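Remember, it's a predicted structure, so these values are computed and weren't measured experimentally. Positions are given from 1, in the same order as the sequence printed here.
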Amino acid sequence: KMAELVQIAGAFSQASQRDPEMLRVMMGRVQADPSSLSCWSWADFIFSLQRAGVKPDKQLLKAATDVMLTNIYRFDGLKKLKTCYIVGFVEASLAAGFLHQRMFQVLSKVMEERMESLCPQELSKVALTWGQANCKDDALVQSLCKAIRRNLSSIPKDRISYTIHGLCLLHCKDKQLLMDLAFAWVAKGPEKSFEVLHVIFGLARSRALDPLLCDRIAACSLQFVPHFDARTIATILWAFSQSGCTHVEFLESLGKAANLKTAEFSVKDLCEVSFAASKLSLATTLGSCIPAAVVERVSDFKGDQLALMMHAVSRLSDNPGAYLPALERATLPHVSTLRPLDLRYIFMAWAKARVSDQHLMEAVVARTAELVDGLDPSTINSIAWAYSELQISNEDLFKALGVRCAATVSLFGLSHLGYTAFAYVRAGMHGELPLISIAREASRRLGKMHPIPGSLLARAFIQAD
């Protein structure tokens, strides 16, 4: 009988020597007569397959779903299912690539109603599984976060990283909860290298990674660095560069690991590593190998990536002039697709290297003129500063930038006011626009201005008379 098959499947799934082939035979028999199983029996059978590591196919899950949702009275049956059955059904659906949205909504409602009664282990599993299912049920996420908060101290050590990972996939907005979980994880210490990636990437994605937490994570994760693969190294470097990590030993170890994995980095990895290394002062270990790898694979990069690479390489290498020409030649065909951010990266690279390719410069200036009405203060500042560093004059461009600067001057940061004014004067542009606009705006905020941009502002107006 079918009910007996379900019981046998349960026994097989827990046996010390499992027989996947026997379970597959049972799958065929059950699929041939799906209506003979009740809601409970179907959930039990799917759970047994999941526990035995046998992936059910889409047809089997569709048959199960159709039976379990046949009529409205089945909802009562679903309400009575064990939590492990519900989680197992969703996990099996994800593994098979067949997640019935109506079924998922019903199961999510059941889980929301019983959230307060779940144990810490179950809460962790729900966070990870529903996160992987890309759940967008705000009510469920809120109830899950509250339940985890109440049980935070009881979450098993080996489940904390999974919990953080799941909550971040669910776009959890409770940053304090994520940070508290991370501190609990740090206190207990990681046991496996993948836990480090779960925690760091999850927190960075949710913008819940601050410098203090970064350094704590780095201190307890140092022994795992040699076990990181290329993708993990790139991800952690990028996350720490965004969060202000200052743990020197961890960063140096990560830099050495990146050096050894250079050949294994994908194009995306190289973008992340280059940019992160330039921010984290890892030029000693990565200042030669990463720029060389970028140039070697220059044809694989897109236009926006090339702009980013120009900026990163100019900061990372002690000799950017050895690498920029190849990047500039590769960028030239993509100029028409560049965005304001890309233009900023290119001009920042030229300002840092104090060298530029004439053909690319002409094309980029033309592209800048096309986009001038959409330039943000940081981009205006970068372009003006680059021209002043290169000691190149372009009166038409500076006038267009001046009009845009005057229109957006209230949005300028304090440092941008000083640097932009000085760049204009150093480039020989002493006209009233945009200097008068900058002067009026700066006068309102002088008390908060840092001494360096403040001194540049003073020098600019002294020289401009």
Side-chain angles (χ1 to χ4, degrees), residues 161 164-165 168 185-186 189-205 209 211 213-302 304-320 322-324 326-327 330 345 349:
S161 68
I164 293 173
H165 183 52
C168 292
W185 175 79
V186 166
E191 294 183 346
K192 297 180 180 179
S193 59
F194 70 81
E195 295 180 33
V196 181
L197 180 62
H198 277 174
V199 173
I200 293 175
F201 183 65
L203 293 175
R205 182 178 179 178
L209 194 60
L213 187 51
C214 258
D215 290 347
R216 294 277 187 88
I217 292 172
C220 72
S221 306
L222 187 59
Q223 71 271 27
F224 294 109
V225 173
H227 304 291
F228 292 155
D229 60 19
R231 179 85 277 268
T232 300
I233 291 170
T235 300
I236 294 177
L237 275 172
W238 172 82
F240 276 12
S241 71
Q242 303 299 303
S243 309
C245 178
T246 59
H247 196 287
V248 177
E249 189 177 0
F250 183 85
L251 293 176
E252 289 180 349
S253 180
L254 209 56
K256 292 176 182 177
N259 192 320
L260 296 174
K261 299 282 186 181
T262 300
E264 300 177 28
F265 287 134
S266 66
V267 168
K268 180 182 178 182
D269 295 336
L270 282 173
C271 288
E272 292 180 350
V273 172
S274 301
F275 189 72
S278 67
K279 289 187 68 175
L280 295 170
S281 303
L282 294 177
T284 303
T285 51
L286 299 177
S288 297
C289 63
I290 294 299
V294 169
V295 169
E296 183 180 346
R297 300 177 58 185
V298 69
S299 60
D300 296 335
F301 291 90
K302 299 177 182 178
D304 59 333
Q305 293 173 327
L306 287 166
L308 176 62
M309 289 301 92
M310 285 182 61
H311 172 50
V313 166
S314 69
R315 294 183 61 186
L316 184 59
S317 172
D318 290 335
N319 184 23
Y323 306 104
L324 281 182
L327 291 169
Y345 284 146

As a quick check of understanding, evaluate side chain to side chain contact (heavy atoms under 4.5 Å, CB included) for I233 and F265, giving each step before the final call.
CA-CA 9 Å; I233 291 170; F265 287 134; 4.3 Å; yes
What heavy-atom pair brings [X] and [Y] nearest, and what distance separates the two atoms?
X: P291; Y: L286; answer: CD-O, 3.3 Å
X: S241; Y: W238; answer: OG-O, 2.7 Å
X: C271; Y: F301; answer: SG-CE2, 3.8 Å
X: E195; Y: P190; answer: OE1-CA, 3.6 Å

Gap between atom [atom2] of [Y] and atom [atom1] of [X] - 0.5 Å precision:
X: F250; Y: C214; atom1: CZ; atom2: SG; answer: 9.0 Å
X: S278; Y: H311; atom1: OG; atom2: NE2; answer: 5.5 Å
X: L280; Y: H247; atom1: CG; atom2: NE2; answer: 13.5 Å
X: L254; Y: L251; atom1: CG; atom2: CG; answer: 7.0 Å
X: L324; Y: S317; atom1: CG; atom2: OG; answer: 8.5 Å
X: E252; Y: S281; atom1: CD; atom2: OG; answer: 11.0 Å

Does Q305 use its side chain to pair, donor to acceptor, with the backbone of K302 at less than 3.5 Å?
yes
Hey, is [atom1] on [X] packed in by over 12 heavy atoms from elsewhere, all under 6.0 Å?
X: K256; atom1: NZ; value: no
X: E249; atom1: CD; value: no
X: E296; atom1: CD; value: no

Could you check whether R231 pairs with D269 (Lys NZ or Arg NE/NH1/NH2 to Asp/Glu carboxylate O, under 4.0 Å)?
yes
In the structure I gave you, are the side-chain heavy atoms of [X] and [Y] within less than 4.5 Å of one another anywhere?
X: L222; Y: S253; result: yes
X: D300; Y: L270; result: no
X: F275; Y: Q242; result: yes
X: F240; Y: L209; result: yes
X: Y323; Y: V294; result: no
X: L237; Y: L282; result: yes
X: F201; Y: C168; result: no
X: V196; Y: W185; result: yes

Passes side chain to side chain contact (heavy atoms under 4.5 Å, CB included), V313 versus L316? Steps please.
CA-CA 5 Å; V313 166; L316 184 59; 5.7 Å; no
Classify the ring geometry of H198 against H165: parallel below 30°, tilted from 30° to 60°, perpendicular beyond 60°.
parallel
Apply the test side chain to side chain contact (heavy atoms under 4.5 Å, CB included) to residues H227 and K192: give CA-CA distance (whole Å), side-chain angles for both, the deciding distance (0.1 Å), then the verdict.
CA-CA 10 Å; H227 304 291; K192 297 180 180 179; over 6 Å; no
With side chain to side chain contact (heavy atoms under 4.5 Å, CB included) as the criterion, how do T235 and L197 come out once you've worked through the C-alpha distance, each side chain's angles and the decisive distance to 0.1 Å?
CA-CA 8 Å; T235 300; L197 180 62; 3.7 Å; yes
